[in-house]
There are 2 protein chains.
Amino acid sequence: MGFVLNETAGQTISEQTKKRVLDEARRLGYRPHTAARALASGRSRIVLAVLPDWPLDFSLRRHLEEASLVLDEAGYSFITYTAHPTGQARPLWETLAPDVVLSVTGRFTSEQIASLRAAGIPAIVPNPDDLGAEEYPEEGPLLQMTHLESLGHRRVAFAESADSRIADLVATRRARAEGAAKVLQLAPPLTLSVSLDPGSAESALDEMLRRGITAVAAYNDDVAVALVGAALRRRLDVPQDLSVVGHDDAPVAAILEPQLSTVRVDTAGLGRYIAALALSAAEGAAAPSMPPETRAELVARASTGPAPKR
Amino acid sequence: MGFVLNETAGQTISEQTKKRVLDEARRLGYRPHTAARALASGRSRIVLAVLPDWPLDFSLRRHLEEASLVLDEAGYSFITYTAHPTGQARPLWETLAPDVVLSVTGRFTSEQIASLRAAGIPAIVPNPDDLGAEEYPEEGPLLQMTHLESLGHRRVAFAESADSRIADLVATRRARAEGAAKVLQLAPPLTLSVSLDPGSAESALDEMLRRGITAVAAYNDDVAVALVGAALRRRLDVPQDLSVVGHDDAPVAAILEPQLSTVRVDTAGLGRYIAALALSAAEGAAAPSMPPETRAELVARASTGPAPKR
DNA sequence: CTGAAAGCGCTTACAG
DNA sequence: CTGAAAGCGCTTACAG
């Protein structure tokens, strides 16, 4: 019965018996009992995706949900989980015993890794024992800088988010922006921090103007919106007085006045890649490498323009 | 051993034995096996919260995560799940066998209820058998309309989102807006639909101007931002020529120029309420009623002002 | 108060 | 090819 219902490979069962089992199962409305299966087989067939504790780009969320279709097809449940650093709660991997735990950001803290190991999780992605694991390239800042440079800007700034939850990612993008400036032979970008408090964007703006900055690359669209808002409150013209380029292509970017130039990330590709990573780990196969199409792309709109003549 | 480790009530066990069990468990690094427990007890100790297929207010998400702390304390795993209507995937409740499935929006489709019943879910919240279940009051539109009326506006519009995923909620808010207009003795609000395409907001704007509308209540902040952007592109002054009030108090609302008047929802209170609902259902207790503090509140900023004199 | 044991619903060798 | 059975790690009556 088990062999028929699970279509177990390498079994010899007559067509007739097979049909009899299937018919009876249907007649009785048979539904497998997940817990019993997990107990007997030692595998929960659960993949747990750990999301970061900050507002994940909504389109990535949607594409992760699409990814869950792929895993469902393969018989796995794809569960997402937000790790809250303040949380006293036991992480979900302790109680669910997933076969795979995967970090969507591509990194775990050392505390998380210790906890995952203590819980006996069979597969951790990225594998902490494999230091050469591929990281997301974060090409956005290079695209931003190249765009600004091509418009003639020479003195540019990089506006960070002050949100401490994303300090890691902010630092990565800032480093990429600095690297890009060097390659493009621009002055090292002035780094400024912007919080959601409007006064914060205004003081960042004032600092930029004092330093003769003509264009700014923002960590994300929220920061970019804050800077555009501050500039408008100062009666400046965007992009004539200051060019602003965001990152993420959030819905607000196409809506704002002026419409925001930004970087669009291929979240569909990323979602598929994450599904492939999860599946390979679940089956114990080697991790696929990131497809080249998973690329960021610059979307030029109205918030960036030529550098002012001097 | 089981009685000691589970602190089972109504058992008589000597302190000495208790200590011996606890010490040994610690020494061996004992960890309960979730699947075995679920199989033997018939309860999975999982609460599954079903989220809507649209961008949930981030602050509500955070508060739901806080809610999971409460449930964790009580020994439950709180798992969130986004139901995608297009999904071919089996819903998570079929494979996880949760003790409780709870809809964060307060409603299930009839297909979902059928599926939940077929899967034998012991507790469904809101209970489909109890038609009197309390609904979220959705007072935002009343607050918006009252605010606009108090500023002297008499001809107002309600701007919907064109996103079909939220058609239900949009319809509810529109009905509330119409009800509020009647109470306030305003003309029935002109209803307009706005999509994320900027041209859409512009034609909605033109229609409003043709009809002599002086103020608009938006379904949410995204729609409000689109309308403000369109107005600025038309060289109109907000709020002098048109007052715009949003809904949700999204981060962008405080950042935009002009800063957006909007409705703030007590997501922390909602999160706590949902946790209480889940817990009461898990324990088979009666559902608590919604606390009166779970109120929406109007945040008046710069995008609304007095109606133009005529 | 304590220990021995049946049973939850599966998976999977094993005997025929 | 098919059937009978051990065992996964718990919970929970039951006997002592």
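Proteins get letters first, then strands, A, B, ... in listed order; numbering begins at 1 in each. Heavy-atom basis, side chains included; hydrogens, waters and symmetry copies ignored.
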A:A25: side chain to side chain contact (heavy atoms under 4.5 Å, CB included) partners, not counting sequence neighbours: A:L5, A:Y30

Partners of A:D130 by side chain to side chain donor-acceptor pair (under 3.5 Å), sequence neighbours excluded? none

Reading DNA chain C from 5' to 3', where do the contacts with chain A start and stop? Cut-off is 4.0 Å to heavy atoms. C:dG9 to C:dT12

State whether a side-chain donor-acceptor pair under 3.5 Å links A:T34 with B:T95. no

Looking at residues 37-45 of chain A, who's got a heavy atom less than 4.0 Å off DNA chain D? A:L39, A:A40

Using salt bridge (Lys or Arg N to Asp or Glu O under 4.0 Å) as the criterion, list what pairs up with A:E94, not counting sequence neighbours. none

Helical stems, DNA chain D - three or more consecutive Watson-Crick or G-U wobble pairs below 3.5 Å: C:1-3 with D:14-16, C:5-12 with D:5-12, C:14-16 with D:1-3

Among residues at least two apart in sequence or on other chains, which ones pass side chain to side chain contact (heavy atoms under 4.5 Å, CB included) with B:N220? B:D222, B:V223, B:D248

The salt bridge (Lys or Arg N to Asp or Glu O under 4.0 Å) partners of A:E283 (sequence neighbours excluded) come to none

Could you list the donor-acceptor pairs under 3.5 angstrom formed between side-chain atoms of residues 35-49 of chain A and any protein atom two or more places apart in sequence or on another chain?
| from | atom 1 | to | atom 2 | distance (Å) |
| --- | --- | --- | --- | --- |
| A:R37 | NH2 | A:N6 | OD1 | 3.2 |
| A:S41 | OG | A:R37 | O | 2.8 |
| A:S41 | OG | A:R43 | N | 3.2 |
| A:S41 | OG | A:R43 | O | 3.3 |
| A:R43 | NH2 | A:Y76 | OH | 3.3 |
| A:S44 | OG | A:I46 | N | 3.4 |
| A:S44 | OG | A:A97 | O | 2.6 |
| A:S44 | OG | A:D99 | N | 3.4 |
| A:S44 | OG | A:D99 | OD1 | 3.4 |
| A:R45 | NE | A:G75 | O | 3.1 |
| A:R45 | NH2 | A:A74 | O | 3.1 |

Please list, chain by chain and in numerical order, all residues satisfying side chain to side chain contact (heavy atoms under 4.5 Å, CB included) with A:I113, sequence neighbours excluded. A:F108, A:R117, A:P128

Would you mind writing out the side-chain donor-acceptor pairs for residues 119-127 of chain B within the sub-3.5 Å range, not counting sequence neighbours?
| from | atom 1 | to | atom 2 | distance (Å) |
| --- | --- | --- | --- | --- |
| B:N127 | OD1 | B:D129 | N | 2.8 |

If you assign each of A:R31 and B:F3 to its closest nucleotide in DNA chain C, which residue comes earlier from the 5' end? B:F3

Using the side chain to side chain contact (heavy atoms under 4.5 Å, CB included) criterion, which residues pair with B:A268? Sequence neighbours excluded. B:H63, B:D266, B:R272

